[in-house]
There are 2 protein chains.
Amino acid sequence: MPTVSSEELAAAAGVNSAKLRKDFSYLGSYGTRGVGYDVEYLVYQISRELGLTQDWPVVIVGIGNLGAALANYGGFASRGFRVAALIDADPAMAGKPVAGIPVQHTDELESIITDNGVSIGVIATPAGAAQQVCDRLVAAGVTSILNFAPTVLTVPDGVDVRKVDLSIELQILAFHEQRKAGEEAAADTAAAPAAARRRSAATDQGPDGDVPAVMPA
Amino acid sequence: MPTVSSEELAAAAGVNSAKLRKDFSYLGSYGTRGVGYDVEYLVYQISRELGLTQDWPVVIVGIGNLGAALANYGGFASRGFRVAALIDADPAMAGKPVAGIPVQHTDELESIITDNGVSIGVIATPAGAAQQVCDRLVAAGVTSILNFAPTVLTVPDGVDVRKVDLSIELQILAFHEQRKAGEEAAADTAAAPAAARRRSAATDQGPDGDVPAVMPA
DNA sequence: ATGTCTTTGTGAACGCGTGCACAAAGATTG
DNA sequence: CAATCTTTGTGCACGCGTTCACAAAGACAT
């Protein structure tokens, strides 16, 4: 039986092993003392807890470059996501296949949601159309929305929205880049902000580094 | 002189006013007691601290759907980013304009970086090509990389990498969605994990909600 | 079967960020 | 010019998550 110790996993993930064990314990996932965790069982348990074993039909609204990129993105299927439909407001797009899936017109939005039992919608429309699309999705029964449009969406209670701003990540990189440059010839600002100095040196690639609490939208 | 109080800003941003004032104090940004912050000066100061006043030339490597979407993304220019070049390995793409910028062949990569003084690179290639592209970017002088390919990149010290996984946000939504469903008919799992219960009820749309520390790559 | 060794699970302490609360500062009014 | 009012800047305490450290548990060897 292949196993892993919390120490090995922690080293690989770059986190503390105690934290990892404690997290696992929340999942009720029991390892074997003196041995570690059964890999297969662990994977199954985490997958189920995260919802990876379920089938999540999603619709993508707004099939421009970004919508098409998302439709083609391979990472979805392996995570339990199934692109149930592609929706666009342009009648010329209707019927045209993208990533093997025919694009449907916005008129069909409500029936698609209902018929497929879709609870997760992805908005990749221009900013101007986002709120309107959002409202229709919610009215049709969608309770989770992933928003790529540069707008803050207003939704009723019980609906989750996550906003992805592609330029924010770039901005964070530029922020660090600026600090790199500033350290060599630091005759620019009066004093480098304490908040900036606080940054850890860990090589994390996740969207969790230290970021000022307030950033312009 | 138009001003804002920390209280107004905090309400708008959905954060605590004391935290906001403390953050501003790190920036050395002095408001006026009894009045608030001079809006214009505040904007200028934050912009400069964040690097928004600088010109950041970036290159995008891999002009598929996603690369094209990024090239067309309007939010970059307003944040001080300038797409200096689009690079693709496909010779058939060379010269073809995307978002008004002619695509150049990978052979030109090094000279483009050098000639334009590019320090930030965006990788939107397939997973297989990402590390190789990354190595060439770094060798040519790039010190910050935004990676959209589903691979963890290995870089030397001093180089920043931020990985954007488009499916992770969906996965987080699905996780919450699963919990919503589980609460209605909670006869599924033995006991819902404490970690999941910890979630706050705030309606934040940012990529900062509570997320398990360890997630499969 | 007993002892040793490894690794888990977790109670307790530590550290850090957030929020409270207030003194200091400046504007404003009488 | 004094009194009052508003809002900043910040010391301090609270709370929460992370980390330490160790007892309990099971495997494995003798």
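Below, read A as the first sequence line, B as the second, and so on, with proteins coming before strands; counting in each chain starts at 1.
OP1 or OP2 of D/dG9 has at least one side-chain nitrogen or oxygen of B/Y37 nearer than 4.0 Å.
Here C/dA27 is the nucleotide among D/dT8, C/dT10, C/dA27 with the atom lying nearest to any side-chain atom of B/T32. Considering only the side chain of A/S5, C/dT7 comes nearest among C/dT7, D/dC20, C/dT10. Here the nucleotide nearest the side chain of B/A18, chosen from C/dT7, C/dC20, C/dG9, is C/dC20.
Atom P of nucleotide D/dG9 and atom CG of B/D23 are separated by 12 Å, given to the nearest angstrom. Taking atom CG on A/L42 and atom P on C/dT7, their separation rounds to 16 Å, with Å as the unit. Rounded to an integer number of Å, the gap from CD of A/E7 to C1' of D/dA21 is 13 Å. Distance B/L20 CG to D/dT7 C1': 13 Å, rounded to the nearest Å. Protein atom OH of B/Y30 is 16 Å distant from nucleotide atom C1' of D/dT7, rounded to whole Å. When rounded to the nearest whole Å, the span between CG of A/N16 and C1' of D/dA21 equals 12 Å. C/dC16 atom P lies 17 Å from atom NZ of A/K19, rounded to whole Å. A/R21 has its CZ atom 16 Å from the P atom of D/dA24, to the nearest Å.
Ranked by how close their nearest DNA chain C nucleotide is to the 5' end, A/V35 and A/S25 are led by A/V35.
A donor-acceptor contact under 3.5 angstrom links the side chains of B/Q45 and B/Y41, judged on distance only. A side-chain N or O of A/E177 and one of B/T143 form a donor-acceptor pair less than 3.5 Å apart. No side-chain donor from either of A/Y30 and A/D38 sits under 3.5 Å from a side-chain acceptor of the other. Using modelled atom types, one finds a donor on one side chain and an acceptor on the other under 3.5 Å when comparing B/S6 with B/R21.
In this structure, A/D160 does not pair ionically with B/R179, as no charged nitrogen and carboxylate oxygen lie closer than 4.0 Å.
You won't find any donor-acceptor pair under 3.5 Å spanning the side chain of B/R33 and the base of D/dT7, going by distance alone. In terms of polar N and O atoms assigned as donor or acceptor, the side chain of A/K22 comes within less than 3.5 Å of the base of C/dG11 in a complementary pairing.
Contact annotation for A/S6: backbone-only contact, meaning every heavy-atom pair under 4.0 Å involves sugar-phosphate atoms and none involves a base.
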